[in-house]
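Before any comments, here is the structure.
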Amino acid sequence: LREKIRDLEKSFTQKYPPVKFLSEKDRKRILVTGGAGFVGSHLTDKLMMDGHEVTVVDNFFTGRKRNVEHWIGHENFELINHDVVEPLYIEVDQIYHLASPASPPSYMYNPIKTLKTNTIGTLNMLGLAKRVGARLLLASTSEVYGDPEVHPQTEDYWGHVNPIGPRACYDEGKRVAETMCYAYMKQPPDLITENRASHQDGKAPVSGRKSRGTCGAPGSPSSVLQEGVEVRVARIFNTFGPRMHMNDGRVVSNFILQALQGEPLTVYGSGSQTRAFQYVRTSEIYKVGNSALSPAQPSASTLPQKADPRRHIIPSANTGASSAPSSDLVNGLVALMNSNVSSPVNLGNPEEHTILEFAELIKNLVGSGSEIQFLSEAQDDPQKRKPDIKKAKLMLGWEPVVPLEEGLNKAIHYFRKELEYQANNQYI
Ligand code: UDP
């Protein structure tokens with residue numbers, strides 16, 4: 001007990017959020033592409049706090065350094081400014097491949113770049129996974145179902161996507177990214193014979209920790225894999241929460257910001273189209289505005305304080321206790337990565353609402369007098385979307401548990417602080 005108390009005290013005086021101790025055997029080297037983005041940075045927090053070594057790769061197109069700056073300098077953490085469209089040579093055990101703009105305005109801003117990121121970028125990451133024997137999880141999307149004719153959407157639905165519409169760069173980019181994953185999974189790599197001689201027993205280092213320094217460069221001793229690449233595919237449905245970009249353009253951030261600023265809430269079309277929103281992660285480690293939550297020295301109040309079995313907050317520093325796979329999106333991603341489910345899995349909240357209902361709910365939660373303004377309908381806007389999550393429940397024991405209003409209140413708090421921060425001219 002005394003040791004535990006000492007660890008706890010240490011966690012509140014050290015400059016980083018609490019990190020569990022993992023033995024060398026359990027500690028993984030994990031690459032998170034897009035790790036400075038909205039979802040990627042929450043995932044990075046969880047992996048770091050679970051005690052792994054995390055390398056974040058981001059080109060900062062939509063990601064932001066401040067989303068991960070509370071880890072900079074930590075011995076388990078590395079941040080690389082790199083675009084996945086260029087090859088990357090690094091030695092890792094797992095790759096969470098999240099890099100891509102994800103909101104409609106940001107992925108439509110430069111459709112060619114979106115296509116390159118999702119095609120060439122995914123090929124590069126699969127090539128890396130093949131060379132070093134890493135498992136790769138692709139952050140795919142509900143957009144692979146397009147404007148669905150099946151409701152709710154199950155994983156075996158093939159989708160209804162306009163291949164030449166404004167959303168195609170993202171939808172088709174993710175669809176081909178999934179195709180690439182399964183091609184790399186099914187096709188035995190040609191490097192086996194080329195490199196067999198470098199291993200005495202001819203066996204590939206498909207699991208476990210590998211020697212450092214080879215960086216996964218083609219032809220390096222670690223470039224051997226007898227099986228196809230181990231892949232995991234998460235089809236992520238609409239997600240919201242702290243660290244969404246202020247100019248993200250997605251409906252939740254737009255409505256909250258509009259409500260907070262007394263501007264009209266812009267509903268595209270009639271507002272009868274539906275979505276179902278999941279909360280990103282129940283963790284309070286984020287820097288909001290100019291508050292006292294310095295990322296380098298988070299106050300005790302910003303750190304997870306106690307075990308909460310429902311929310312799976314990391315209980316305390318260095319206890320070795322593990323956070324259970326349940327709750328919100330980030331835990332779903334980690335549960336899927338560490339499962340044996342190689343086929344696609346929907347991760348989302350099945351609670352469906354119309355966009356007009358969302359507008360009214362957010363207005364009420366903010367206590368705003370904003371009007372609701374109806375604008376023209378967005379082209380190819382999916383009319384209905386709601387995940388069927390039976391597979392995630394059955395295979396991963398996962399389901400979202402953060403109630404919508406609770407999540408929205410956290411997001412409202414975050415954006416309120418961000419606006420205060422902007423008003424004080426400390427952040428542009
Ligand atoms: N939407 C809206 N007003 C906004 C932004 C979005 O009415 O200011 C609508 C959009 O047309 C879509 C839904 O909200 O029907 C969700 O849009 P979002 O961009 O968040 O994500 P999507 O699910 O379309 O990828």
Side-chain angles (χ1 to χ4, degrees), residues 37-39 62 98 100-109 111 114 118 139-148 151-153 159-162 165-175 177 234-280 329 346-363 366 368 370-387 400 404 407-408 411-412 415:
F38 161 51
V39 174
T62 53
L98 275 64
S100 173
S103 80
S106 57
Y107 70 63
M108 288 182 206
Y109 171 76
T114 301
N118 282 294
S140 186
T141 168
S142 55
E143 300 245 10
V144 299
Y145 301 123
D147 188 4
H151 194 75
Q153 293 79 55
H160 180 225
V161 174
N162 174 3
R167 304 174 82 101
C169 57
Y170 186 68
D171 299 10
E172 298 289 16
K174 288 290 187 188
R175 284 168 69 92
R235 290 188 178 151
I236 302 172
F237 282 66
N238 295 67
T239 306
F240 72 98
R243 297 192 191 146
M244 286 183 96
H245 203 289
M246 296 275 275
N247 304 323
D248 181 272
R250 274 180 280 201
V251 71
V252 173
S253 47
N254 273 8
F255 284 177
I256 293 177
L257 285 168
Q258 289 161 345
L260 286 171
Q261 293 173 107
E263 292 169 3
L265 271 63
T266 52
V267 171
Y268 303 158
S270 67
S272 61
Q273 68 272 38
T274 67
R275 294 293 188 273
F277 285 92
Q278 70 183 324
Y279 192 66
V280 65
L329 172 64
N346 288 340
L347 294 178
N349 187 334
E351 189 185 323
E352 184 185 13
H353 291 276
T354 67
I355 292 304
L356 194 53
E357 283 167 3
F358 270 118
E360 270 151 13
L361 176 61
I362 289 172
K363 222 168 82 90
V366 171
S368 162
S370 291
E371 305 279 300
I372 290 184
Q373 183 182 22
F374 291 90
L375 300 179
S376 54
E377 192 181 335
Q379 196 187 331
D380 290 349
D381 198 3
Q383 290 307 297
K384 271 170 166 263
R385 186 185 291 156
K386 164 184 164 144
L404 180 65
L408 282 174
I412 290 166
F415 281 114

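All ligand and atom numbering here is 1-based and tracks the order in the structure.
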Does the pair Arg167 and Glu143 meet the rule for a salt bridge (Lys or Arg N to Asp or Glu O under 4.0 Å), with working shown? CA-CA 9 Å; Arg167 304 174 82 101; Glu143 300 245 10; 2.9 Å; yes

inquiry  = If you apply the rule side chain to side chain contact (heavy atoms under 4.5 Å, CB included), what do you find for Arg250 with Phe38, and how did you get there?
reply    = CA-CA 12 Å; Arg250 274 180 280 201; Phe38 161 51; 4.2 Å; yes

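For Glu371, the CD atom is loosely surrounded, since the number of other residues' heavy atoms within 6.0 Å does not exceed 12.
Residue, atom and distance of the protein heavy atom nearest to atom 17 (O) of ligand 1 are Val251 CB, 4.1 Å. The closest protein non-hydrogen atom to atom 5 (C) of ligand 1 is Tyr268 CE1, 3.3 Å. Of the protein's heavy atoms, Arg275 NE, 3.6 Å lies nearest to atom 16 (C) of ligand 1. With hydrogens left out, the protein atom closest to atom 3 (N) of ligand 1 is Thr266 O, 2.6 Å, a heavy atom.
Side chains of Thr266 and Gln258: a donor-acceptor N/O pair is present below 3.5 angstrom, by distance only. The closest side-chain donor-acceptor pair between Glu360 and His353, if any, does not fall under 3.5 angstrom.
Between Leu329 and Ile236, the closest side-chain pair of non-hydrogen atoms falls below 4.5 Å. A 4.5 Å side-chain heavy-atom check between Ser142 and Pro382 finds every atom pair outside the cut-off.
No donor-acceptor distance shorter than 3.5 angstrom exists from the side chain of Lys363 to the backbone of Phe358, with no hydrogens or angles considered.
For ligand 1 and Arg167, the ligand atoms under 4.0 Å from any heavy atom of the residue are 22 (P), 24 (O), 25 (O). Contact atoms of ligand 1 toward Asp381: 10 (C), 11 (O), 12 (C), 15 (O) (distance under 4.0 Å to a heavy atom of the residue). Atoms of ligand 1 found under 4.0 Å from any heavy atom of Ile355 (numbered from 1 in listed order, with element): 7 (O), 13 (C), 14 (O). In the vicinity of Asn254, heavy-atom distances shorter than 4.0 Å reach the ligand 1 atoms 4 (C), 5 (C), 8 (O). Every atom of ligand 1 with a heavy atom of Asn238 under 4.0 Å away is listed here by number and element: 21 (O), 22 (P), 23 (O). Within ligand 1, the atoms closer than 4.0 Å to a non-hydrogen atom of Val267 are 7 (O), numbered from 1 in the order shown.
Ring geometry, Tyr170 versus Tyr107: the interplanar angle falls under 30°, so the pair is classed parallel (tilted spans 30 to 60°).
When Glu143, Met244, Gln383 are checked for heavy-atom proximity to atom 25 (O) of ligand 1, Glu143 turns out nearest.
In this structure, Glu377 does not count as a contact residue of ligand 1, since none of its heavy atoms falls inside 4.0 Å of the ligand. Within the 4.0 Å heavy-atom shell around ligand 1 one does not find Ser103.
Contact annotation for Arg250 and ligand 1: heavy atoms of both the backbone and the side chain come within less than 4.0 Å of the ligand.
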